[in-house]
*Asks:* 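After the structure tokens below, expect a handful of questions from me.
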Amino acid sequence: MMPIERERFTLETTIKGERIERIYQKELRPVPFEEWEVLSDEEKQLAKPCAFNQRTYEAAPGIVCEQDVAVKMRDGITLYCDVFRPQDSDAKVPAILAWSNYGKRPNDFRTGEDVGYTPGVPFGAVSPSAKFEAADPLYWCPNGYAVVNVDPRGIGYSEGLHDQFCEEEARDGYDVVEWAAQQPWCNGRVTMAGSSALAITQWHIAAQQPPHLACIAPWEGMSDMYRESLYEGGIPCARFTSFATVGACGLKGIDDQAAMALRYPLMNAYWENKIPDFGKVTVPAYVAAGWNHFHLRGSINGYRKISSEKKWLRVHREFEWPDFYTRQNMEELKAFFDRYCKDVHNGWELTPKVRIDVMDAYDEDYVTRRPEREFPLARTEYRKLYLNAGAMSLEEENPAAPASVSYDGNEGNAEFDYRFEEDTELTGYMKLHAFVEADGHDDMDLFVTVKKIHENGSEIPVTVFDGTAPHPGTWGKMRVSHRELDEVLSSDFQPVQAHRRELKLSVGEIVPIDVEINPTSRLWRKGEILRVQVAGRYLRDEHWIEPLMWETDNRGSHIIHTGGEYESYLQVPVIGPRYDRSKPFVVDEGRHPGHPIF
């Protein structure tokens with residue numbers, strides 16, 4: 001049976017003074033399960049079992065759930081949420097808000113091991129009451145919290161159209177935070193938790209500064225939908241966004257970001273509206289990021305840009321879902337929430353501001369949760385490893401003789417190697433500065449991967465999901481016609497593309513480019529090889545778990561020029577010892593306690 005194309009429609013809006021034609025797609029129609037069961041196969045393609053049932057019931061011993069509670073927004077639109085809370089009617093507790101378009105009761109009509117299914121998490125570890133990627137009520141309610149699972153505007157039976165990851169949605173979040181704080185069961189403090197979409201929305205809602213938002217915990221959330229999802233490096237990648245929203249159900253329509261990416265392929269007010277105003281985020285924040293996941297850039301950018309004086313960052317090797325539901329991490333998150341939602345003096349402030357896993361090989365980390373004071377690390381030494389197309393190597397000096405290497409833009413690649421003579425840690429941002437040329441086309445898409453290679457030539461990946469999903473290493477991308485940088489957003493270690501215009505290549509034109517490579521932390525041991533791979537396509541092991549595909553524009557050959565006037569190089573962040581043991585120790589007077597007892 002052929003899939004049925006869903007209806008799209010357009011509304012004219014004004015965003016930040018710019019006229020925008022907003023494209024929406026009809027969602028799956030929410031229907032009661034008994035109605036869904038009698039639908040034809042064709043009708044089921046356009047519907048989803050989703051009940052509207054206002055009731056109060058015992059979700060588990062000692063936990064009550066108020067289901068489909070109505071919440072009025074400032075413009076009169078009604079949203080619906082489920083409220084899980086401790087059954088003790090006299091207890092006033094903080095509320096944990098879970099906000100995404102995935103549906104507030106995804107397990108209502110699932111059976112067997114599909115109930116609570118979360119990739120990489122054992123069956124039964126997440127309860128049927130949990131919303132996908134969100135706080136589990138059956139853990140948090142016994143620990144003295146309410147969990148509010150929201151269907152945002154346009155999702156489920158909540159009224160209106162769903163505009164995702166933007167200021168309009170954030171205003172609704174403000175209203176729900178303030179509503180929750182006023183409920184008789186709430187102590188007046190609200191927080192947010194969750195990964196992926198549930199983290200992205202936290203940045204936006206916190207930037208609205210609702211007075212009763214006590215803190216946030218965005219674990220694995222993008223900071224810029226254009227640069228990190230729809231057009232990473234300027235290369236279109238609409239399929240994942242379509243995949244992530246295809247299951248959304250609602251009564252009217254959902255912001256069709258994939259269609260908008262085709263309509264507006266350059267940065268404009270629509271995409272800027274999906275970048276949170278990080279400077280307005282001032283509440284305490286506990287941010288988590290994974291070195292091997294596409295949410296990495298956004299999580300670290302968000303941490304660096306928010307104005308919060310009380311903020312913490314933890315960066316790990318594992319994937320988002322196992323990390324979020326691991327007992328140690330849930331207990332740590334509870335300590336953070338207890339401190340800022342309950343005024344529990346539990347020593348949270350002694351938590352290092354930054355903690356990182358330094359990866360080595362497979363699921364073996366060189367060190368885990370190493371304390372640091374900032375990111376990027378202040379002791380970073382940036383070094384340039386120059387590309388040599390003559391020897392296909394990386395060298396510490398720019399080769400005197402110019403050389404070039406050519407590969408097929410659709411099927412080939414070029415690889416440059418550097419062998420370490422001593423154990424070396426690279427932690428932070430890399431960039432590839434290179435001179436490139438397209439032979440046979442006016443554009444070229446570049447996929448850059450920095451790998452670790454054993455001295456015998458075999459690739460050494462890192463792994464997630466209990467060692468079953470190998471990842472080759474940190475990455476970057478660029479469509480060369482989008483090479484122009486944003487001078488305000490860029491720094492020497494992090495070039496950021498502007499995406500304001502296309503600069504097509506002419507025949508024989510050689511241009512310099514700066515490719516932003518995502519931050520990483522990894523140890524290369526003596527004799528191991530750093531390999532930078534440049535290709536015209538996305539190259540991953542078949543067992544890697546991100547369903548990502550890019551719409552590339554490559555024809556003919558790609559040429560990389562090196563040496564002489566073409567100083568092409570990979571800039572790497574080398575981390576030395578925190579202390580120089582050959583010199584006398586000097587106290588940091590600015591950090592000394594300075595208490596009279598001393």
*Asks:* Do Asn518 and Thr474 pair up side chain to side chain, a donor and an acceptor below 3.5 Å, judged on atom types alone?
*Replies:*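 Not at all, the side chains of Asn518 and Thr474 share no donor-acceptor pair under 3.5 Å.
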*Asks:* Does a sphere of radius 6.0 Å around CD in Glu42 hold more than 12 heavy atoms from other residues, nucleotides or ligands, not counting ones at 6.0 Å or beyond?
*Replies:*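 Count not over threshold, so no.
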*Asks:* So, using ring pair (Phe, Tyr, Trp, His ring centres under 6.0 Å) as the criterion, who are the partners of Trp99 when residues are at least two apart?
*Replies:* none
*Asks:* Going by ring-ring contact (aromatic ring centres under 6.0 Å, His included), Tyr226 matches just one of Phe165, Tyr270, Trp271. Which one?
*Replies:* Trp271
*Asks:* Could you check whether atom CZ of Arg327 has more than 12 heavy atoms from other residues, nucleotides or ligands sitting under 6.0 Å from it?
*Replies:* no
*Asks:* What residues, two or more places apart in sequence or in another chain, satisfy side chain to side chain contact (heavy atoms under 4.5 Å, CB included) together with Phe243?
*Replies:*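 Only Phe240, Pro547 meet the side chain to side chain contact (heavy atoms under 4.5 Å, CB included) criterion with Phe243.
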*Asks:* Can you see whether Arg74 engages Tyr174 through a side-chain donor-acceptor pair at a distance of less than 3.5 angstrom?
*Replies:* no
*Asks:* Under the salt bridge (Lys or Arg N to Asp or Glu O under 4.0 Å) rule, collect the residues that match up with Glu7, sequence neighbours excluded.
*Replies:* none
*Asks:* Keeping to residues at least two apart or across chains, list the side chain to side chain donor-acceptor pair (under 3.5 Å) pairs with something in residues 200-211.
*Replies:* none
*Asks:* Does a donor on one side chain sit under 3.5 Å from an acceptor on the other, for Gln164 and Gln257?
*Replies:*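 Note: Gln164 and Gln257 side chains meet the donor-acceptor criterion.
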*Asks:* Scan for ring pair (Phe, Tyr, Trp, His ring centres under 6.0 Å) pairs involving residues 55-85, sequence neighbours excluded, and state none if there are none.
*Replies:*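 Listed by first then second residue: Phe52-Tyr80.
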*Asks:* Would Tyr117 and Asn107 count as a side-chain hydrogen bond (donor to acceptor under 3.5 Å, both in side chains) here? Give the steps.
*Replies:* CA-CA 9 Å; Tyr117 174 70; Asn107 296 304; over 6 Å; no
*Asks:* Test: salt bridge (Lys or Arg N to Asp or Glu O under 4.0 Å). Region: residues 290-306. Which pairs qualify, not counting sequence neighbours?
*Replies:*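 The answer is Glu228-Arg297, Arg297-Glu516.
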*Asks:* Determine yes or no for a side-chain-to-main-chain donor-acceptor pair under 3.5 angstrom, with Glu546 supplying the side chain and Phe294 the backbone.
*Replies:*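 Looks like yes, one N/O pair under 3.5 Å.
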*Asks:* Could you please spell out the steps behind the side-chain hydrogen bond (donor to acceptor under 3.5 Å, both in side chains) verdict for Asn329 and Asp323?
*Replies:* CA-CA 7 Å; Asn329 297 336; Asp323 180 79; 3.0 Å; yes
*Asks:* For Trp321 and Glu133, which I'm curious about, is there any donor-acceptor pair between the side chains at under 3.5 Å?
*Replies:* yes
*Asks:* Show the atom names and distances, to 0.1 Å, of all donor-acceptor pairs under 3.5 Å that link a side chain in residues 140-152 to residues at least two apart or in another chain.
*Replies:*
| from | atom 1 | to | atom 2 | distance (Å) |
| --- | --- | --- | --- | --- |
| Asn143 | ND2 | Tyr139 | O | 2.8 |
| Tyr145 | OH | Phe337 | O | 3.4 |
| Tyr145 | OH | Asp338 | N | 3.0 |
| Tyr145 | OH | Asp338 | OD1 | 2.6 |
| Asp151 | OD1 | Lys104 | N | 3.0 |
| Asp151 | OD2 | Lys104 | NZ | 2.9 |

*Asks:* Name the atoms and distances for all side-chain donor-acceptor pairs under 3.5 Å in residues 179-188, with sequence neighbours left out.
*Replies:*
| from | atom 1 | to | atom 2 | distance (Å) |
| --- | --- | --- | --- | --- |
| Gln183 | NE2 | Trp179 | O | 2.8 |
| Asn187 | OD1 | Arg189 | N | 3.0 |
| Asn187 | ND2 | Cys341 | O | 3.0 |

*Asks:* So Gln54 and Gln67, side-chain hydrogen bond (donor to acceptor under 3.5 Å, both in side chains) or not? Walk me through it.
*Replies:* CA-CA 5 Å; Gln54 291 183 314; Gln67 188 169 284; over 6 Å; no
*Asks:* Check salt bridge (Lys or Arg N to Asp or Glu O under 4.0 Å) between Glu58 and all other residues, then give those that pass, not counting sequence neighbours.
*Replies:* none
*Asks:* Name all residues meeting the side chain to side chain contact (heavy atoms under 4.5 Å, CB included) criterion together with Arg6; count only those two or more places apart in sequence or in a different chain, and write none if there are none.
*Replies:* Gln25, Leu28, Leu46, Val246
*Asks:* Do Glu318 and Trp291 have side-chain atoms, one donor and one acceptor, less than 3.5 Å apart?
*Replies:*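 Note: Glu318 and Trp291 side chains miss the donor-acceptor criterion.
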*Asks:* Could you tell me which residues satisfy salt bridge (Lys or Arg N to Asp or Glu O under 4.0 Å) with Arg8, sequence neighbours excluded, listed by chain and number?
*Replies:*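 Arg8 satisfies salt bridge (Lys or Arg N to Asp or Glu O under 4.0 Å) with Glu5, Asp256 only.
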*Asks:* Under the salt bridge (Lys or Arg N to Asp or Glu O under 4.0 Å) test, which residues partner Glu272, sequence neighbours left out?
*Replies:* Arg500
